[in-house]
Amino acid sequence: MLRISNLHASVDGKRILRGIDLDVEAGTVHAVMGPNGSGKSTLAAVLAGRDGYSVDAGSVTFRGQDLLDMDPEIRAREGLFLAFQYPVEIPGVSMMYFLREAVNSIRRYRGLTELAAGDFIRLARQKIKPLGIDPGMLKRAVNEGFSGGEKKRCEVFQMSVLEPCLGILDETDSGLDIDALKVVSEGVNGLRGPDRAFVVITHYQRLLRYIVPDYVHVLANGRIAQSGDRTLALDLERHGYRWIEERSTALAAAGA
Amino acid sequence: MAAVMQHASAYLERFSSLQAGRDSEPNWLRERRELAMERFLRMGVPTPRDEEYKYTDLRALSDGRFLLSPDEPGGHARPAHLAGQRIAAACGDSLAVAGPAPPGIRVMSLSEALVRGEPRLEDRLASIASIERHALCALNTALFEDGVVIVAEAGADSREPLHLEFGPGRVARLARVLIIAERSSRVTVVETYSGLGEYWRNAVTEIHVSENARVDHVRAQLESPQAFHTGVVQAGQERDSRMSSFSLSFGARVARNDIGTRLDGTGCDCSLDGLYAVRGHQLVDHHTGIDHAMPHCHSHQLYKGVLDGNARGVFNGKIFVRRDAQKTDAVQSNKNLLLSDSAEVNTKPQLEIDANDVRCTHGATIGQLDADAAFYLRSRGIGEAEARKLLTYAFATDALARVGVASLRERFEGLLLDRFAPEAA
Ligand SMILES: Nc1ncnc2c1ncn2[C@@H]1O[C@H](COP(=O)(O)OP(=O)(O)OP(=O)(O)O)[C@@H](O)[C@H]1O
Ligand SMILES: [Mg+2]
């Protein structure tokens, strides 16, 4: 579904991603962990097509197409979804209007008929319920004045409405209490299936008890320094990142 | 008559021929017109040397041809109808009042009101808006041929907007409106300005809000992209009265609006709000003036602007707080959204405060579309043009919310969205 090869990217001349290789097959969940500043959000941003990042080398294919060549909205319409680490507040645009516009933009792209207002409201209400979000939120401006936890839940709500093939969750668990974490995890698990894949960026093994990953990767200094199965997350919880960072610095030195 | 300005003869000629045919006009008006003409000829069409017109170049108007020509090249398209009851329309060389007016409201053409000897006309007409301060108001006073008078009788309550439509043509180019709200009455008036081709409209609206009365005034400037629009709206408020003004300015090549109110009694409330959205080489200039002459009055101003292309915006907000006007509460805000790198805004609050126990706040901002917000929208599948449109709309929404009449607000929202629709971008 997603194939990242030797991806190098920089911001303002600062090299952040230094050769990422990652294969994400349909039906799998990949956890990406790693210390602060290691480049996790940068990877997510480059995949989603945010401005301001320059890709210096490497390639990314998504469902057989060159992902890096697409505008952000095309990536979304092709089935990529990024749950933001810091969702953006947009005063003056209601959640309802925004999400309907998103759904219909995607539907138009795929040659489907647009959802009428009534049908959309039914869909939204049906998806919002399991996430424990007050439906009154739909009338509010996008993310405006939402608490941290509400914003994160709302990202998952959007994902469940848009039903992407690939969901990238950037620290969607940070700042959630244990009940919210369960609810959000169930939301994600409900979407799991043979045709979908997830990249779950997190600092906490706690999340991975609920969203059980097939693979765990550790990003350090802009590279994947270690990959393994879910037991790697437990090792990290116990021993921290230090040993991996040391290894990756040594590797970088050897490689250079 | 001491005429010192250039091109005086063209104006004088028109004035003399009009005065000659005004035998039936009452003396007081003939005299006011004489005085106004004199003022105008002394001051002339403002130039950028005048501090008040620093950014707004009206020199193309000085010879008067866009105003005085018998007809305009664009022809006579039907004026735009927005919402509410069309009560009067000016088009070509005539003005028609269409009845029936709501209970307690009298609507008539100015010429008819003069013939009928409408009481209080002498007190109000050409006495609220200042010919001393506004040369172009003086010009309108000297030359207007007809206009609309709306009187809300004491206690009348009319919330459905009365719609005055000013299309093309000689009469409408010098649009003149007088609104008198008698004690404890309420009336809502919408003026629309639209046309085709190149012309100059120079409009004046005077509003008198008597004790405890309320006037909601909306002005939609939707002139042709080649037009010049200059307009004065001036209100005078008695105690405990309320008045709101909303100025929508989307059209014209150059538009200049002077909108003001004088709070002449205690306990008055006024809001002067507006939205301008311009692109290409359009220039839109709003000068507002609130004169807090008496204590315990509130004023509120919110002007928002969206500027694309090489468009230019000017906002100047004057607030005077006189010595007696203790406990004044005045809020002013002007916010601008620049959609292109070459659009420009000059915004300036101008506060003169002579009282000491007052609260006056003002703020002005000029910003661009929020790139993070645009990316967030696009990351959900919303196209770039659509995202821009949505954010532009979101920016303007609190200004539009100041339009009390829902049907009108929706029309304005539609006009705004069309204006920045992907096709137009
Ligand atoms: N616009 C920018 N200009 C300069 N440096 C940047 C910019 N954006 C990110 N960086 C730097 O890139 C590095 C990687 O940042 P990134 O946000 O990808 O880290 P992260 O792994 O997501 O960290 P965290 O766990 O704290 O979220 C950091 O050192 C950060 O300071
Ligand atoms: Mg991050």
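The chains referred to below are lettered A, B, ... by the order of the sequence lines, with proteins before strands, and numbering in each begins at 1. Nothing here was measured: the structure is a model prediction, and the numbers come from that model. Only this structure's heavy atoms are used, side chains among them; waters, hydrogens and symmetry mates stay out.
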Answer key: most heavy-atom pairs under 4.5 Å with chain A among Leu391(B), Asp370(B), Asp372(B) is Asp372(B)
Above 12 or not: heavy atoms from other molecules or residues under 6.0 Å from CG of Asp66(A)?
yes
Part of Pro87(A) lying under 4.5 Å from any heavy atom of chain B
both
Please report the closest heavy-atom contact between Ala76(A) and Gly381(B), naming both atoms and the distance.
CB-N, 3.3 Å
Can you see which heavy atom on Pro72(A) is nearest to which on Phe375(B), and at what distance?
CB-CE1, 4.0 Å
Flag yes if more than 12 heavy atoms outside Asp23(A) fall under 6.0 Å of its CG atom; otherwise flag no.
yes
Please output the residues of residues 155-163 of chain A in contact with chain B, using a heavy-atom cutoff of under 4.5 Å, in numerical order.
Glu155(A), Gln158(A), Leu162(A)
Side-chain donor/acceptor of Arg378(B) to backbone N/O of Glu73(A), under 3.5 Å:
no
Among Pro91(A), Gly52(A), Ser105(A), which residue forms the greatest number of heavy-atom pairs with chain B at distances under 4.5 Å?
Ser105(A)
Could you check whether the rings of Tyr376(B) and Phe84(A) sit parallel, tilted or perpendicular, using 30° and 60° as the cut-offs?
perpendicular
Counting heavy-atom pairs under 4.5 Å to chain B, which of Arg75(A), Glu101(A), Arg108(A), Glu78(A) comes out on top?
Glu101(A)
Using non-hydrogen atoms and a 4.5 Å limit, figure out which bit of Tyr109(A) sits close to chain B: side chain, backbone, both or neither.
neither
Suppose a student defines contact as a heavy atom less than 4.5 Å from any heavy atom of chain B. Which residues in residues 124-154 of chain A would they list?
Val142(A), Asn143(A)
Under 3.5 Å, is there a donor-acceptor pair between the side chain of Arg380(B) and the main chain of Leu82(A)?
yes
Sort Thr397(B) into side chain, backbone, both or neither according to what part of it lies under 4.5 angstrom from a heavy atom of chain A.
side chain
